[in-house]
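Note: hydrogens, waters and symmetry copies are ignored here, and every other heavy atom, side chains too, is used.
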Amino acid sequence: GAMRICHRASALRRNWVAKRYSSDPDVSALESDVMMQMIAKSYAERFNACAPPKKVDFIEASILQLPERRDGNLPRDFAVEAYLDGSFTKHSSNSGFVADD
């Protein structure tokens, strides 16, 4: 939450979430995040192939670059993923929280 700023975006007849770091680091940090999410998705697919009682999934992520934004005050690089509508239960966090369920 506090490390990133999220924006809702619409493109290609879909809703998306565009994320960027609040400190606006080099695009390599976003690329690392996207790569990590895709590796996690690969592990989830391997886990699900073992027929667990509950399957897991990770949303595919991509990098969106807006080179036409020449104004230095406007962010140009974002990590994007599909917007999921509905309510969700958070089971863990990056700061060490893990739900007891």
[X] and [Y]: which non-hydrogen atoms are nearest, and at how many Å?
| X | Y | value |
| --- | --- | --- |
| Ala61 | Met38 | N-SD, 3.5 Å |
| Arg20 | Phe78 | CD-CE2, 3.7 Å |
| Tyr21 | Ala29 | CE1-CB, 4.1 Å |
| Val17 | Cys6 | CG1-CB, 4.1 Å |

Evaluate whether atom [atom1] of [X] has more than 12 neighbouring non-hydrogen atoms of other residues, nucleotides or ligands under 6.0 angstrom away.
| X | atom1 | answer |
| --- | --- | --- |
| Tyr83 | OH | yes |
| Glu60 | CD | no |
| Met35 | CE | no |

N/O donor-acceptor pairs under 3.5 Å from side chains in residues 7-16, not counting sequence neighbours:
| from | atom 1 | to | atom 2 | distance (Å) |
| --- | --- | --- | --- | --- |
| Ser10 | OG | Asn15 | OD1 | 2.9 |
| Trp16 | NE1 | Ala11 | O | 3.0 |

## Note on the structure
Sequence neighbours excluded, the answer for salt bridge (charged side-chain N to carboxylate O under 4.0 Å, His left out) partners of Lys41 is Asp57
Distance, nearest 0.5 Å, that separates [atom1] of [X] from [atom2] of [Y]:
| X | Y | atom1 | atom2 | answer |
| --- | --- | --- | --- | --- |
| Asn48 | Arg46 | CG | CZ | 12.0 Å |
| Leu30 | Leu64 | CG | CG | 10.0 Å |
| Lys55 | Cys50 | NZ | SG | 11.0 Å |

### Task
Let me see the working for Tyr43 and Val56 under side chain to side chain contact (heavy atoms under 4.5 Å, CB included), right down to the final yes or no.
CA-CA 9 Å; Tyr43 280 121; Val56 297; over 6 Å; no
### Query
Do Val34 and Val27 share a hydrophobic cluster, counting only Ile, Leu, Val, Met, Phe, Trp and Tyr and linking them when any side-chain heavy atoms are less than 4.5 Å apart?
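Same cluster.
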